[in-house]
Amino acid sequence: MAVASAAVLTLDCAEPEELADFYARVLGAEIQPMTAPDRIEIVAPGGSRMAFLRDHGFAPPSWPRPDDSQQAHLDLLVEDIDAAERQVIDLGARPLDTKNNGGLRDTRIYSDPAGHPFSLRRT
């Protein structure tokens with residue numbers, strides 16, 4: 001028997017409304033009504049869920065961190081990586097490591113508007 005019925009990836013940030021809007025647009029997700037004053041959730045088609053929690057002392061993570069282990073990040077699986085790259089940048093993402101690896105292993109890394117790293121990977 002499973003302990004939990006679902007998982008929600010929660011990101012701390014200074015402006016949860018802004019970050020929820022960014023990821024809702026990237027994932028085609030629906031923003032849920034707020035159930036707490038500093039927390040917003042989105043639900044993507046297929047049921048993936050994310051939440052954004054206001055942290056008044058938020059500092060963006062650094063990437064890469066050569067002296068530490070890798071931080072958690074979100075992998076977004078896409079079919080057309082060039083088109084996806086244009087779209088996330090138009091929505092406010094910032095390139096971190098976007099060298100074209102080419103082929104099926106092409107992975108490009110960005111930060112969202114709050115500074116959390118995420119990657120675009122071919123499906």
Side-chain angles (χ1 to χ4, degrees):
M1 175 188 217
V3 173
S5 61
V8 178
L9 173 65
T10 302
L11 297 177
D12 292 347
C13 56
E15 300 295 334
E17 298 87 357
E18 178 183 315
L19 203 54
D21 183 62
F22 172 79
Y23 279 106
R25 291 168 148 219
V26 167
L27 297 170
E30 182 179 318
I31 297 175
Q32 301 298 297
M34 291 180 70
T35 56
D38 289 329
R39 180 185 173 93
I40 298 175
E41 288 193 25
I42 64 171
V43 178
S48 296
R49 295 170 52 186
M50 291 181 74
F52 309 93
L53 184 63
R54 185 179 320 277
D55 177 350
H56 295 285
F58 177 74
S62 62
W63 188 94
R65 290 175 53 169
D67 55 342
D68 278 31
S69 63
Q70 180 174 332
Q71 299 178 51
H73 69 276
L74 183 64
D75 285 336
L76 301 176
L77 306 178
V78 300
E79 290 183 23
D80 184 339
I81 200 164
D82 293 323
E85 178 176 60
R86 287 188 297 274
Q87 290 174 310
V88 297
I89 289 172
D90 286 347
L91 291 170
R94 291 182 310 276
L96 295 176
D97 183 356
T98 58
K99 64 183 176 291
N100 184 348
N101 297 321
L104 297 175
R105 297 185 151 225
D106 193 359
T107 299
R108 302 177 193 176
I109 303 170
Y110 308 84
S111 66
D112 65 26
H116 302 100
F118 71 92
S119 68
L120 296 178
R121 288 185 27 217
R122 291 189 192 275
T123 55

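Position 1 is the first residue of the sequence; numbering continues from there.
Listed here is the closest heavy atom pair of Pro60 and Ala114: CB-O, 3.5 Å.
Applying the side-chain contact (heavy atoms from CB on, under 4.5 Å) rule to Ala93 yields the partners Phe22, Val88, Tyr110, Phe118; only residues at least two apart in sequence or on another chain are considered. Asp21 is linked by a salt bridge (Lys or Arg N to Asp or Glu O under 4.0 Å) to Arg25, counting only residues two or more places apart in sequence or in another chain. Evaluation of the side-chain hydrogen bond (donor to acceptor under 3.5 Å, both in side chains) rule for Arg49 yields Glu41 as partners, not counting sequence neighbours. Qualifying side-chain hydrogen bond (donor to acceptor under 3.5 Å, both in side chains) partners for Asp75, counting only residues two or more places apart in sequence or in other chains: His73, Ser119, Arg121. Remark: Thr10 engages Val8, Arg39, Ala51, Leu53 in a side-chain contact (heavy atoms from CB on, under 4.5 Å) (not counting sequence neighbours). Residues satisfying the side-chain contact (heavy atoms from CB on, under 4.5 Å) test with Ala24, not counting sequence neighbours, are Ala29, Ile31, Ile42. Considering only residues two or more places apart in sequence or on other chains, Arg94 meets the salt bridge (Lys or Arg N to Asp or Glu O under 4.0 Å) condition with none of them. Scored by the side-chain hydrogen bond (donor to acceptor under 3.5 Å, both in side chains) test, Asp55 finds no partners at all (sequence neighbours excluded). Judged as a side-chain contact (heavy atoms from CB on, under 4.5 Å), and not counting sequence neighbours, Ala59 has no contacts. Annotation: salt bridge (Lys or Arg N to Asp or Glu O under 4.0 Å) contacts of Asp38 (sequence neighbours excluded): Arg54.
Among pairs with a residue in residues 23-50, those fulfilling ring-ring contact (aromatic ring centres under 6.0 Å, His included) read Tyr23-Phe52, at least two apart in sequence or across chains.
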